[in-house]
Structure formats: structure tokens, C-alpha cells
Amino acid sequence: MRIIVLPGDGIGPEITAATIAALEAADRAFGLGLSFDYDDVGFASLQKHGTTLRDETLEKARGYDGIILGPQSHMDYPPRDQGGRNVSAGFRVQLDLYANVRPARSRLFLDRGAKNMDLVIMREATEGFYPDRNMYKGIGEFMPTPDVALSVRKLTAHACERIARAAFVMAMKRRRKVTAVHKANNFIITDGFFLEKVRQVHKEFPEVELDDVIIDAMAAHLVRDPSRYDVIVSTNFYSDILSDLASELSGSLGLAGSINANAEAGLVCAQAQHGSAPDIQGQNRANPTSLILSAAMMLSWLGEQRKLPALEAAGAEIERAVDEILADPASRTRDLGGSLNTDAFGERVAKAIRKAQPATSAA
């Protein structure tokens, strides 16, 4: 099982090292046969190769079983014509990793955030209001005159239908409810188009309940009562905002696991939901939980797709071990009120991973 590791910028190398420690412990416990190869993206790539993301890196990543992508400092990159390519967008668009899966759940032992949340946001990741991924050439944001700025959003039937289908498939494994989020009362054509496609796909899943909520109302409902929701599906921009809100409501953005996946192509990328936090870079104080949980999701996804129970069990065990460590206030990182450094937290999670039982030991 070959994994390519791209540590990225800022705190990326630190939280990546903690994540690899957890994966290596799971590998030993479950006999997964994991191997890790490293490459550069972000500023490290820019310094060596003149671009933050090389096409060769993307093509190379296609040949791996899984991808671990660290945070990037996109806001600090130079312009595109000087090598500042958006790394996340490159992976999502060029590898067609259209499903950005972002779960959010409460951890009552943290005594913070919502008390009754357990939901998954299914974010379409290849188009929408993001100007670097909605045009064949150039970007969808431009200024025809010095005092006019325009941005174009692109929605396609193909992208809307497949993220809707992924949401219904996810709901069938959970509580069988999907909520489509939109702004069709104002974006009558575009959001109306998205909602139409979701409703069409719903016909394939009569066992799943479907409702829809306007985006501004959804933000309020999530704060008031997140227990109402199971699987939330929306376009790129809305989902990005809602997933950060949901993660904070669940306790912290630093606890937010995330994968980018394409089941049809068999590709999956683990990526922390938060940014690169350059203000604490090199201080060994970042919380690595988000990337550790993302890597656990990656293993579980691969196990389910390839029918390898050991991978699924390993992913679940990493998540359990994270909860075990977070349950002890003395074992938390500083952002959660504890005192552990990044590497120490990763080591404790690794030590908490239990050995595989005979029934799940074969990959």
C-alpha cells in the first residue's frame, strides 16, 4: 500500500510527521504493508523547481494508493505567472477529486461546541465560484475596467449529479437523510439547476429522505440544532463555509478530518481542513488531529473501496485512539487547553493504537 506524502507549508511538515507516526503504528498493528514516499509542494517546490505544484507531481500521485497533502500558504504565493499555483485546486481539478468529504461530530468530553452533532458535509470540489477551477483557459475572475471586478461561477450537470449521488450513497450508510443547501431564491438559474439535479438523483435512492435549506438559514440552523442533519450536500463555495462552521461547532477546526476522493477513479487524498498557520510554524505546537483523522479517513475509504477489512479497521482504530487521547485534558494540545507539543501528541496517539484482532489482521 503505497502512500505519497506532500508535507506542504507552514505547520505542514510538523503535523505530517505526527500523522506518519500514527500511520506507522497502525501499520504495525494491522499488517497493512504501508510505504511512504515524499515529494515537495508549496514553497519547497517553488524554491527547487520554480512552481508550487509541478505537473509531474500530479501525474506521479496518480500511481499511488493514497495521497497525504499538508496545508499550503496559498495567500502568500506569488502570482500564477511567477509559479504560484494553487496546490489544493491542482489536485482536486487535475486528479478529478470531486468529493470533498468533511465530517463533523461532537465530542462531549471536550466540553466545548455543540452537544449533539454527527453529520457529514459532501462538498463538490472541482467547480463553482472558485475562479481557478471554472474555466478551460485563464481564471473566472477578471476586471474589464480598473473600477469593475467580475467573478463567474460554473455549475455542470455532471458535477452536480455525481456529488449528489455521493451524498445519497453516504446517507445510505448512515441515517438516510440528505439536506441540499442552496440559494435558489436569488440564484434562480444556477442554484435552481443544482437543486434540480439533486432531486433527479434522489429518485435513485427512494429510501433516503431529502430536504433542502437556503444557505443563510442553514448557517442559523446549524448553530441552533445540528442534530437535525445527517448528510449535507452543496456546491463548492457554500460547503466550504458550512464545513468550517460545523467543525468549530464540533469543538475546533483543528479536529476536522477531510478527504478528497473519486470513487470511480479509485483516488483519495487526505487533507487537513485548516490552513498552514505560519505564525506558529516551526514551534512544535500545532494540533495535528485534523491531518491524523484525515489519514484515518483515507485508510477507511481505501478499505471500503477495495474490500480490505484491515484498512477499514485501522482507520477506525486511529480515530478511536485520537478520542482516547483527547479525552484526557492533560493529553491535549495547547489550542484545546492542554500542553502537549505536536510530536508528543502524535506519539501518544500512536501508542494508543491497539493491536489488531485475528479477525481483522489480514489485509
Side-chain angles (χ1 to χ4, degrees), residues 1-24 26-27 34-78 80 83-102 125-126 132-133 254 256-262 265-278 281-282 286-299 301-302 318 342-343 346:
M1 190 65 60
R2 299 171 63 238
I3 310 296
I4 185 169
V5 183
L6 307 149
D9 303 314
I11 60 172
E14 298 160 69
I15 65 171
T16 298
T19 299
I20 297 302
L23 286 175
E24 288 176 340
D27 185 26
L34 299 182
S35 65
F36 304 98
D37 293 331
Y38 289 76
D39 207 337
D40 294 319
V41 293
F43 280 118
S45 177
L46 182 67
Q47 184 176 11
K48 294 179 182 178
H49 307 288
T51 177
T52 54
L53 178 60
R54 294 171 292 146
D55 288 334
E56 304 95 286
T57 303
L58 288 169
E59 288 306 310
K60 179 180 177 181
R62 290 183 189 274
Y64 283 81
D65 298 291
I67 303 163
I68 296 177
L69 181 59
Q72 305 101 48
S73 299
H74 290 147
M75 289 290 290
D76 299 323
Y77 289 169
R80 289 170 62 93
R85 188 175 179 184
N86 186 313
V87 177
S88 290
F91 272 88
R92 292 168 183 173
V93 175
Q94 298 303 314
L95 300 188
D96 202 22
L97 299 171
Y98 67 89
N100 186 200
V101 186
R102 295 185 161 186
T126 63
D132 57 0
R133 64 198 80 174
S258 172
I259 58 170
N260 305 287
N262 182 325
L267 293 172
V268 61
C269 172
Q271 184 178 14
Q273 196 169 315
H274 57 72
S276 63
Q281 175 182 354
N287 184 351
T289 300
S290 180
L291 192 57
I292 292 173
L293 291 177
S294 300
M297 290 176 65
M298 177 188 71
L299 293 185
W301 188 92
L302 286 168
I318 292 174
T342 308
D343 55 359

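Counting from 1, the numbers follow the sequence of the chain as shown.
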Look up atom CG in Leu291 and atom CD1 in Ile68, then write down how far apart they are to the nearest 0.5 Å.
6.5 Å
Closest heavy-atom pair, Asp37 versus Arg2, reported as atoms and distance to 0.1 Å, is OD2-NH2, 3.7 Å
Could you check if a side-chain atom of Asp132 sits within less than 4.5 angstrom of a side-chain atom of Arg80, using non-hydrogen atoms only?
yes
State, to 0.1 Å, how close Gln273 and Gly257 come at their nearest heavy-atom pair, and which atoms those are.
OE1-O, 3.8 Å
Nearest heavy-atom contact between Pro278 and Asp76 is CG-OD2, 4.5 Å
Closest approach of Leu58 to Gly90 (non-hydrogen atoms, all atoms of both residues)
CD2-O, 3.8 Å
To the nearest 0.5 Å, what is the distance between CG on Leu34 and CE on Met1?
7.0 Å
Contacts of type salt bridge (Lys or Arg N to Asp or Glu O under 4.0 Å), residue Asp55, not counting sequence neighbours:
Arg85
The reported gap from OG1 in Thr57 to CD in Gln94 (rounded to nearest 0.5 angstrom) is 12.5 Å
Residues forming a side-chain contact (heavy atoms from CB on, under 4.5 Å) with Asp40, sequence neighbours excluded:
Ala44, Ser45, Lys48
If we ignore hydrogens and angles and just use 3.5 Å, is the side chain of Gln72 paired with the main-chain N or O of Ser276 as donor and acceptor?
no
Is there side-chain contact between Asn260 and Phe91, with at least one heavy-atom pair below 4.5 Å?
no
By salt bridge (Lys or Arg N to Asp or Glu O under 4.0 Å) - contacts of Asp96 (at least two apart):
Arg162
According to salt bridge (Lys or Arg N to Asp or Glu O under 4.0 Å), who are the partners of Arg133, at least two apart in sequence or on a separate chain?
none
Ignoring hydrogens and geometry beyond distance, is a side-chain donor-acceptor pair present between Arg54 and Thr51 at under 3.5 Å?
no
Quick check for you: to the nearest 0.5 Å, what is the distance between Ser35 atom OG and Asp65 atom CG?
8.0 Å
Worked check of side chain to side chain contact (heavy atoms under 4.5 Å, CB included) between His274 and Ile15:
CA-CA 12 Å; His274 57 72; Ile15 65 171; 3.8 Å; yes
Would you check if Leu95 and Asn262 make a side-chain contact, meaning some heavy-atom pair closer than 4.5 Å?
no
State, to 0.1 Å, how close Thr52 and Gly84 come at their nearest heavy-atom pair, and which atoms those are.
OG1-C, 3.7 Å
Using a 4.5 Å cut-off on heavy atoms from C-beta on, say whether the side chain of Ser294 contacts that of Gln271.
no
Contacts of type side-chain contact (heavy atoms from CB on, under 4.5 Å), residue Glu59, not counting sequence neighbours
Arg62
Working to the nearest 0.5 angstrom, can you tell me the gap between Tyr98 OH and Leu267 CG?
11.0 Å
If you round to the nearest 0.5 Å, how far is CD1 of Ile67 from CD1 of Ile259?
11.5 Å
When you look at Asp27 and Phe36, which way does the side chain to side chain contact (heavy atoms under 4.5 Å, CB included) test go after all the steps?
CA-CA 11 Å; Asp27 185 26; Phe36 304 98; 5.6 Å; no
Can I get a per-line list of side-chain donor-acceptor pairs under 3.5 Å for residues 3-11, giving both atom names and the distance, sequence neighbours left out?
unit_1: Asp9; atom_1: OD1; unit_2: Phe43; atom_2: N; d: 2.8
unit_1: Asp9; atom_1: OD2; unit_2: Ser73; atom_2: N; d: 2.9
unit_1: Asp9; atom_1: OD2; unit_2: Tyr77; atom_2: OH; d: 2.4

Of all heavy-atom pairs between Thr16 and Gly70, which one has the smallest distance, and what is that distance?
OG1-CA, 4.4 Å
